[in-house]
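Some notes on the structure that comes next.
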Amino acid sequence: MITMKDIVREGHPVLTQVAKDVELPLNENDKKTLEEMLLFLKNSQDEEIAQKYDLRAGVGLAAPQLGISKRMMAVHFQDFDENEYSYGLINPKIVSHSIAQTYLSSGEGCLSVDREVPGYVPRYQKITIKATDLDGNEVKLKLRGYAAIVFQHELDHLNGVMFYDHINKQDPFTIPENAKACD
Ligand SMILES: O=C(O)C[C@@H](Cc1ccccc1)[C@H](O)SCc1ccccc1
Ligand code: NI
């Protein structure tokens with residue numbers, strides 16, 4: 001099972017590389033890795049398991065965070081309207097997005113960053129993502145608000161971008177242009 005020792009931390013070059021497309025159909029090794037990533041998120045949100053294995057709660061995980069420079073990501077969370085999202089995705093891409101932006105008023109964190117980095121992280125308010133899921137099906141997801149933020153955070157990892165790269169250097173708490181807080 002994946003634990004925190006398997007998650008690479010900032011400074012590791014893989015976190016700033018653009019990950020490579022994954023060959024389809026998924027080979028056994030990549031499928032196992034992606035299933036393990038989804039299981040890690042579920043374990044990290046289970047109080048007993050998280051305490052037993054000292055896991056930091058996570059709602060998303062990207063393969064580069066395991067030192068694997070491949071375009072695979074997992075998400076497991078409920079949004080503020082209790083819609084559930086639980087996916088292992090391969091070669092995800094944003095096919096359309098709003099001009100309007102959003103952000104979390106609490107800022108963002110990252111399982112690969114062992115420090116607080118205060119500031120607003122501007123993200124698209126609405127995105128449409130296309131990807132292949134763990135069963136080999138093409139999925140098209142229309143996301144907004146918190147769900148859009150989580151997916152964009154993970155997609156950034158596939159492009160070697162960290163959440164703090166988006167924070168305004170002059171004033172971290174500048175409200176992003178045409179943006180509304182999502183929480
Ligand atoms: O490091 C990661 O990629 C996982 C992040 C994803 C994330 C961070 C901020 C905002 C949206 C997604 C972790 O989930 S950070 C810990 C966390 C846990 C619960 C809720 C939000 C953030
Ligand atoms: Ni992260």
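Just so it is clear, the values below take in all heavy atoms, side chains as well, and ignore hydrogens, waters and symmetry mates. Counting begins at 1 with the first residue of the sequence. A quick note: this is a predicted structure, and the numbers were derived from the prediction, not measured.
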Are the side chains of [X] and [Y] in touch, meaning some heavy atoms are under 4.5 Å apart?
| X | Y | value |
| --- | --- | --- |
| Val18 | Arg71 | yes |
| Lys42 | Leu38 | yes |
| His153 | Cys110 | yes |
| Glu36 | Leu66 | no |
| Val59 | Val75 | no |
| Met4 | Arg9 | yes |
| Tyr146 | Leu104 | yes |
| His166 | Val161 | yes |

Enter the distance from [X]:[atom1] to [Y]:[atom2] here, rounded to the nearest 0.5 Å.
| X | Y | atom1 | atom2 | result |
| --- | --- | --- | --- | --- |
| Ile149 | Tyr103 | CD1 | OH | 10.0 Å |
| Asp171 | Tyr120 | CG | OH | 9.0 Å |
| Lys180 | Gln101 | NZ | CD | 13.5 Å |
| His97 | Thr128 | NE2 | OG1 | 10.5 Å |
| Glu47 | Ser44 | CD | OG | 12.0 Å |
| Ile129 | Ser96 | CD1 | OG | 10.0 Å |

Would [X] end up clustered with [Y] when hydrophobic side chains under 4.5 Å apart are linked, directly or stepwise?
| X | Y | value |
| --- | --- | --- |
| Leu39 | Leu34 | no |
| Phe80 | Tyr124 | yes |
| Ile2 | Ile68 | yes |
| Ile90 | Ile94 | no |
| Met72 | Leu24 | yes |

If you compare all heavy atoms of [X] against all heavy atoms of [Y], which two are closest, and at what distance to 0.1 Å?
| X | Y | value |
| --- | --- | --- |
| Pro118 | Phe173 | CB-CZ, 3.8 Å |
| Leu55 | Met1 | CD1-CE, 4.4 Å |
| Ser69 | Ala19 | OG-CA, 3.4 Å |
| Thr102 | Cys182 | OG1-CB, 3.1 Å |
| Leu158 | Pro92 | CD1-CG, 3.6 Å |

Practice item. Would you kindly say whether Gln125 and Ser98 are connected by a side-chain donor-acceptor distance under 3.5 Å? Key: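 Short answer, no.
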Got a donor-acceptor contact below 3.5 angstrom from the [X] side chain to the [Y] backbone?
| X | Y | result |
| --- | --- | --- |
| Thr132 | Glu138 | no |
| Asp133 | Asp135 | yes |
| Gln152 | Ile127 | no |
| Asn91 | Asp21 | no |
| Arg123 | Val150 | no |
| Ser112 | Gln65 | no |

**Study point:** Test side-chain contact (heavy atoms from CB on, under 4.5 Å) applied to Lys20 and Lys70, step by step
**Key:** CA-CA 5 Å; Lys20 291 166 197 58; Lys70 291 188 176 182; 5.6 Å; no
Check your understanding: What class does the angle between the rings of Tyr85 and Phe151 fall in, given that below 30° is parallel, 30 to 60° is tilted and above 60° is perpendicular?
Key ->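 The arrangement is perpendicular - the two ring planes meet at more than 60°.
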Report, as yes or no, whether the 6.0 Å neighbourhood of atom [atom1] on [X] holds more than 12 heavy atoms from other residues, nucleotides or ligands.
| X | atom1 | result |
| --- | --- | --- |
| Tyr53 | OH | no |
| Glu23 | CD | no |
| Lys169 | NZ | yes |
| Tyr164 | OH | yes |

Point to revise | Charged N-O contact under 4.0 Å between Lys31 and Glu35 | key: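 Salt bridge flag = yes for Glu35 with Lys31.
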Review point. Should Met73 and His157 be marked as a side-chain contact (heavy atoms from CB on, under 4.5 Å) after you check the CA-CA gap, both sets of side-chain angles, and the distance that decides it?
Key: CA-CA 9 Å; Met73 58 179 262; His157 278 304; over 6 Å; no
Review point. Are Ile7 and Leu61 close enough, and set up right, to give a side-chain contact (heavy atoms from CB on, under 4.5 Å), and what steps lead you there?
Key: CA-CA 9 Å; Ile7 295 179; Leu61 188 68; 4.1 Å; yes
Practice item. Apply the side-chain contact (heavy atoms from CB on, under 4.5 Å) test between Phe40 and each candidate in Leu111, Thr3, Ile49; give the one that qualifies. Key: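 When Leu111, Thr3, Ile49 are each tested with Phe40, the side-chain contact (heavy atoms from CB on, under 4.5 Å) holds only for Leu111.
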Review point. Is there a side-chain contact (heavy atoms from CB on, under 4.5 Å) between Asp114 and Arg56 once you walk through the steps?
Key: CA-CA 11 Å; Asp114 293 330; Arg56 229 184 108 188; 4.2 Å; yes
